[in-house]
Peer 1: 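My structure is below; once you've seen it, I'll send some questions.
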Amino acid sequence: MNKSITQATQNDKQISKSIKRFFTRFHVSSALKASNAYKKKGVPVMEIFQYLFLLIFSNRSMYMNLITGRNTPDFAKDTVYRFMKMIQINWIRFTTILSARIIRDAIFPLDSEERANVFIIDDSMFERNRSKKAELLAKVYDHANHKYLFGFRMLTLGWSDGSSFLPVNSILLSTENRKNCINEATEVDKRTVGYKRRKLSLEKGTQAMLTLLDAAKKAAIPAKYVLFDSWFSSPRTLHAVKSMGYDVIGMVKKTPKMFFRYNGEDMPLTSIYNKNKKRRGRSRYLLSVMIDVVKDGEIIPAKVVYVRNSLSYDAMTAHTAVVFTRYMILSLESRESNDNRSLGELFLYFSDEMSDIT
């Protein structure tokens, strides 16, 4: 038993050292201060943040740590709660600054000049079905499951060089439709970051996306393209992103309500497709044509590529089997790394010696 406790303590110390090296290398403390995360007195912000960061590696919540007396901080839990509720902290700026430093100092020097770096925009459900009193809680439509859920849409901006992926910043979107809003926002000072954060959460995703991109651009994160799915691909959004200095690669909705200029005539994508000759055979690429994206008299040349968007059931089944195999390997490695009985005969000999001693 003592050996297990000693091993757990050594693991905690090793993890703590690794985290401290990361914090020192990328100056996490200065990134917090630049994001208005500092206190004039009391427990330093860095200590609270580091404690929250290490919680995930202890496999226990803050409450359980306090109950068991293990990994207990030198401050009360209310100190942590007050820190997380500080409305002046600009968390978008913090994650943007930190990701920019990691990209600039650790990843970018490893890339060649020919590699194209990209930003990736996507949204996912942030469910809070049991949190009936959560601030700005809303009924949000889940496009994957085709039903309404309680929670938020987490709009995320990421960066990739084709080999590594880093999250840059994000915003929890509520809803601009008051009928779907369950709880209103708390009244806060309009001069604070907290007010701006709440205001941004009520904007449309396409507008919030531009705010996240602008923060990444100000941090000088290197990227040439912005990637997103059809939900963001409108002429207005394409022009807005282009005006920020980025080209766009994205899927486009096949809808009769969205028009593009082709051969001097505005028409939907389906009409453009019908006016052209397609490739023969079972090629995945059916058609590629040049069009103009027009908005308020401004024109952006673009290429539209029509592809076959079908998935083989056999391919999906094979993919699932591969994922299962990966999980089996990770599960086995985790068990054999932590369970002393996986040592085989050595464990049995050790157990016999312990029984003789006791």
Side-chain angles (χ1 to χ4, degrees), residues 19 22-53 55-56 78-105 119-124 126 128 134-138 152-159 166-176 184-223 226 240-241 244 246:
I19 299 304
F22 175 86
F23 279 28
T24 302
R25 180 181 180 186
F26 298 108
H27 309 286
V28 175
S29 178
S30 66
L32 284 168
K33 189 172 183 180
S35 307
N36 297 329
Y38 59 88
K39 296 170 65 177
K40 294 182 179 179
K41 59 181 180 178
V43 181
V45 164
M46 191 60 186
E47 289 187 19
I48 304 173
F49 184 82
Q50 185 167 308
Y51 172 73
L52 288 171
F53 194 87
L55 267 181
I56 187 64
D78 290 342
T79 304
V80 179
Y81 294 146
R82 286 195 297 269
F83 166 73
M84 297 185 69
K85 292 180 180 179
M86 292 172 70
I87 62 175
Q88 75 268 22
I89 300 178
N90 191 335
W91 290 112
I92 290 179
R93 182 185 297 171
F94 168 71
T95 56
T96 304
I97 292 174
L98 184 57
S99 63
R101 290 176 179 176
I102 296 173
I103 293 168
R104 183 188 64 235
D105 299 339
F119 286 126
I120 303 171
I121 294 284
D122 199 9
D123 63 329
S124 57
F126 190 83
R128 283 294 179 269
E135 184 181 1
L136 285 170
L137 183 70
F152 305 87
R153 281 175 51 223
M154 187 169 71
L155 183 65
T156 304
L157 172 67
W159 177 93
L166 280 180
V168 176
N169 51 41
S170 66
I171 183 70
L172 291 175
L173 295 175
S174 181
T175 177
E176 68 273 10
E184 298 289 339
T186 304
E187 291 291 334
V188 297
D189 192 333
K190 294 184 178 181
R191 297 170 296 179
T192 62
V193 176
Y195 175 80
K196 296 177 182 177
R197 184 160 48 231
R198 288 163 173 79
K199 184 179 179 181
L200 181 62
S201 72
L202 298 175
E203 293 185 358
K204 292 184 177 180
T206 49
Q207 184 60 40
M209 174 197 72
L210 299 177
T211 302
L212 299 183
L213 269 177
D214 183 62
K217 184 177 178 64
K218 289 179 179 178
I221 298 178
V226 177
V241 174
M244 298 177 70
Y246 303 110

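Only this structure's heavy atoms are used, side chains among them; waters, hydrogens and symmetry mates stay out.
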Peer 1: Measure up the F49 and F83 rings against each other and bin them: parallel (under 30°), tilted (30 to 60°), perpendicular (over 60°).
Peer 2: perpendicular
Peer 1: Within the supplied structure, the quantity of interest is the number of heavy atoms (other residues, nucleotides, ligands) at a distance under 6.0 Å from M244 CE; does it exceed 12?
Peer 2: yes
Peer 1: Partners of T95 by side-chain contact (heavy atoms from CB on, under 4.5 Å), sequence neighbours excluded?
Peer 2: N169
Peer 1: Assess whether side-chain contact (heavy atoms from CB on, under 4.5 Å) is satisfied between L136 and L202, documenting all intermediate values.
Peer 2: CA-CA 9 Å; L136 285 170; L202 298 175; 3.9 Å; yes
Peer 1: State, with a plain yes or no, whether a side-chain heavy atom of N36 is found less than 4.5 Å away from one of M86.
Peer 2: no
Peer 1: Could you tell me whether a side-chain N or O of T192 sits under 3.5 Å from a main-chain N or O of I87, the two making a donor and an acceptor?
Peer 2: no
Peer 1: Between OG1 of T79 and NZ of K39, what distance do you get to the nearest 0.5 Å?
Peer 2: 6.0 Å
Peer 1: Taking L200 as the fixed residue, which of E203, R197, R198 is the one that meets the side chain to side chain contact (heavy atoms under 4.5 Å, CB included) rule?
Peer 2: E203
Peer 1: Report yes or no: does W91 contribute a side-chain atom to a donor-acceptor pair with the main-chain N or O of S170 at less than 3.5 Å?
Peer 2: no
Peer 1: For a side-chain contact (heavy atoms from CB on, under 4.5 Å) check, start with the C-alpha distance between L212 and I171, then their side-chain angles and the critical distance, and finish with the verdict.
Peer 2: CA-CA 8 Å; L212 299 183; I171 183 70; 4.2 Å; yes
Peer 1: Once you round to the nearest 0.5 Å, how far does NZ of K33 lie from CD1 of I89?
Peer 2: 14.0 Å
Peer 1: Of all heavy-atom pairs between I221 and S99, which one has the smallest distance, and what is that distance?
Peer 2: CD1-OG, 3.9 Å
Peer 1: Run the side-chain contact (heavy atoms from CB on, under 4.5 Å) test on R93 and V193 for me, step by step, so that the C-alpha distance in whole Å, both residues' side-chain angles and the decisive distance to 0.1 Å come before the verdict.
Peer 2: CA-CA 11 Å; R93 182 185 297 171; V193 176; over 6 Å; no
Peer 1: Ignoring hydrogens, what is the shortest heavy-atom contact between A240 and L210? Give both atom names and the distance.
Peer 2: CB-CD1, 3.7 Å
Peer 1: List the steps and the verdict of side-chain contact (heavy atoms from CB on, under 4.5 Å) for L32 and Y38.
Peer 2: CA-CA 7 Å; L32 284 168; Y38 59 88; over 6 Å; no
Peer 1: Closest heavy-atom contact between A215 and I92?
Peer 2: CB-CG2, 4.2 Å
Peer 1: Between R101 and H27 (side chain of the first, backbone of the second, donor and acceptor by atom type, cut-off under 3.5 Å), is there such a pair?
Peer 2: yes
Peer 1: If you round to the nearest 0.5 Å, how far is CZ of F23 from OG of S30?
Peer 2: 12.0 Å
Peer 1: Search all heavy atoms of P222 against all heavy atoms of W159 and return the closest pair with its distance.
Peer 2: O-NE1, 2.7 Å
Peer 1: Could you measure the distance from the CZ atom of R153 to the CG atom of D122? Nearest 0.5 Å is fine.
Peer 2: 10.0 Å
Peer 1: If every non-hydrogen atom of A34 is compared with every non-hydrogen atom of I97, which pair is closest and at what distance?
Peer 2: CB-CD1, 3.9 Å
Peer 1: Which value, rounded to the nearest 0.5 Å, describes the distance between F26 atom CZ and I103 atom CD1?
Peer 2: 10.5 Å
Peer 1: How long is the gap from CG on L172 to OG1 on T156, to the nearest 0.5 Å?
Peer 2: 8.5 Å
Peer 1: What closest approach, in Å, do V226 and Y246 show between heavy atoms, and which atom pair accounts for it?
Peer 2: CG2-CB, 3.6 Å
Peer 1: Is L157 close to M209 at the side-chain level, that is, under 4.5 Å between some pair of heavy atoms?
Peer 2: no
